[in-house]
Asks: 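For reference, the structure I am asking about is given below.
When a ligand or atom number is given, it counts from 1 through the structure's own listing order. Side chains are part of it too, since the values below use all heavy atoms of this structure and drop only hydrogens, waters and symmetry mates.
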Amino acid sequence: MTTVLAPGSTRPSSKQALGVRFAGLGRGFGPAQERRTVLRDVSLEVQPGEILAILGTSGCGKSTLLRAAAGLDVPDTGEVLIDGTPVSGIDERCAVAFQEPRLLPWHTLQANVAIGLPKSSSASAGKAKVLELLTLVGLDGFAKHRPREVSGGMAQRTSLARALARNPGVLLLDEPFGALDALTRIRMQDLLLDVHRAQPTTVLLVTHDVDEALQLADRILVLGRNDDGREGSTVAELVTVPGERPRRRNADGLGALRSSLLSMLGVTGH
Ligand SMILES: Nc1ncnc2c1ncn2[C@@H]1O[C@H](COP(=O)(O)OP(=O)(O)OP(=O)(O)O)[C@@H](O)[C@H]1O
Ligand SMILES: [Mg+2]
């Protein structure tokens with residue numbers, strides 16, 4: 001197991017990054033006679049510690065895929081396995097962060113992060129962990145602030161810290177930086193890489209942003225229709241991003257891959 005010290009930390013993270021396997025996942029919505037297939041036969045394996053970005057057009061089923069991994073939704077067919085064990089019900093091995101921070105407005109940032117702690121943590125260990133995480137996301141000094149007293153980026157960092165409080169083996173991020181301005185977004189992307197180095201976890205990152213995917217991911221999954229004419233999204237493409245992280249933004253070598261990803265998403269004229 002890799003043990004990495006968080007900046008300023010005196011103890012290593014105790015949890016391991018866990019592998020995730022989607023095995024023939026299918027999901028549709030609506031009553032039987034007019035059921036619409038959203039996902040069909042999605043199969044792929046995400047390695048422990050990998051950052052997988054998930055791209056696809058709006059409504060193609062990205063959030064549905066993530067919800068299945070978190071145990072927040074039950075697929076019609078197939079299953080998700082984490083570390084070889086099927087997900088059934090809300091899975092404590094995963095933590096989720098969404099586009100909007102979803103903080104409790106009456107709690108301090110510290111108390112909001114503490115909500116993510118595993119139930120088994122003692123009060124003193126829990127408090128130390130929360131303060132360590134607030135430091136990791138650059139919010140030491142804001143522990144006693146309430147969500148309305150901080151910026152959108154700071155609220156989003158709090159939400160990330162809350163997700164990390166569980167020491168998740170798998171971190172599920174659903175467009176976590178989508179609502180942020182361009183500069184804050186770049187800072188958050190760098191922060192995510194810092195966090196990934198400091199606390200070993202497998203990351204599934206849903207994003208609309210091709211450059212974000214190229215910047216952060218080991219591999220990119222493009223979810224969409226393939227050319228067999230059947231309804232529902234599946235693995236349309238799975239590409240490895242060349243080059244070690246951290247990568248130079250808009251690196252020349254990634255231009256062709258960027259163009260082909262944009263084409264797959266139906267963006268032309270780039
Ligand atoms: N609980 C539900 N009941 C009915 N339809 C649903 C439900 N959840 C998702 N859907 C439908 O499934 C499709 C995929 O939804 P999903 O939220 O996974 O898309 P997405 O790829 O995350 O889109 P976006 O990029 O806009 O967030 C949509 O058409 C949506 O309306
Ligand atoms: Mg979505």
Asks: Report the part of Val38 (side chain from C-beta onward, or backbone N, CA, C, O) that has a heavy atom under 4.0 Å from ligand 1; answer both or neither where that applies.
Replies: side chain
Asks: Between Arg185 and Asp209, is the closest basic N to carboxylate O distance under 4.0 Å?
Replies: yes
Asks: Got the closest protein heavy atom to atom 26 (O) of ligand 1, with its distance?
Replies: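 For atom 26 (O) of ligand 1, the nearest protein heavy atom is Ser58 OG, 2.6 Å.
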Asks: Is the closest basic N to carboxylate O distance between Arg40 and Asp228 below 4.0 Å?
Replies: yes
Asks: For Asp73, is there an ion pair with Arg27 - N to carboxylate O distance below 4.0 angstrom?
Replies: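 Yes, Arg27 and Asp73 are salt-bridged.
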Asks: Could you verify whether a donor N or O on one side chain and an acceptor N or O on the other, from Gln189 and Arg249, lie under 3.5 Å apart?
Replies: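 The answer is yes; a qualifying pair exists.
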Asks: Is any side-chain N of the basic residue among Asp174 and Lys62 closer than 4.0 Å to the acidic one's carboxylate O?
Replies: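 So Asp174 does not pair with Lys62 through a salt bridge.
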Asks: Identify, for atom 3 (N) of ligand 1, the protein heavy atom at the shortest distance, and state residue, atom and that distance.
Replies: Phe29 CD2, 3.5 Å
Asks: Looking at atom 17 (O) of ligand 1, what's its closest protein heavy atom, distance included?
Replies: Ser63 CB, 3.6 Å
Asks: Please list the nearest protein heavy atom to atom 25 (O) of ligand 1 with its residue and the distance rounded to 0.1 Å.
Replies: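 Result for atom 25 (O) of ligand 1: Lys62 NZ, 2.7 Å.
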Asks: Which residue and non-hydrogen atom of the protein lie closest to atom 16 (P) of ligand 1, and at what distance in Å?
Replies: Thr64 OG1, 3.6 Å
Asks: Quick one: does Arg27 get a heavy atom under 4.0 Å from ligand 1?
Replies: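 The answer is no, since Arg27 has no heavy atom less than 4.0 Å from ligand 1.
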Asks: Enumerate the atoms of ligand 1 whose separation from the nearest heavy atom of His208 is less than 4.0 angstrom.
Replies: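 Reading through ligand 1 atom by atom, the close ones are 25 (O).
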Asks: Which residue owns the protein heavy atom closest to atom 29 (O) of ligand 1, what's the atom, and how far is it?
Replies: Arg36 NH2, 2.6 Å
Asks: Looking at the Mg ion (ligand 2), is one of the N, O or S atoms of Ser58 less than 2.8 Å from it?
Replies: no
Asks: Below 4.0 Å, non-hydrogen atoms only: which portion of Glu175 touches ligand 1? Side chain, backbone, both or neither.
Replies: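 It is the side chain that touches ligand 1; the backbone stays farther off.
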Asks: Is Arg258 salt-bridged to Asp211, going by a charged N under 4.0 Å from an acidic O?
Replies: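 Yes.
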Asks: Under a 4.0 Å N-O cut-off, is there an ion pair linking Arg197 with Asp194?
Replies: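 So Arg197 pairs with Asp194 through a salt bridge.
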Asks: Checking Glu212 against Thr207 for the side-chain hydrogen bond (donor to acceptor under 3.5 Å, both in side chains) test, could you report, in this order, the C-alpha distance in whole Å, the side-chain angles of both residues, the deciding distance, and whether it holds?
Replies: CA-CA 7 Å; Glu212 182 166 282; Thr207 176; 3.0 Å; yes
Asks: In terms of atom number and element, which parts of ligand 1 are under 4.0 angstrom from non-hydrogen atoms of Gly59?
Replies: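 Counting from 1, the qualifying ligand atoms are 13 (C), 14 (C), 19 (O), 20 (P), 21 (O), 23 (O), 24 (P), 25 (O), 26 (O), 28 (C).
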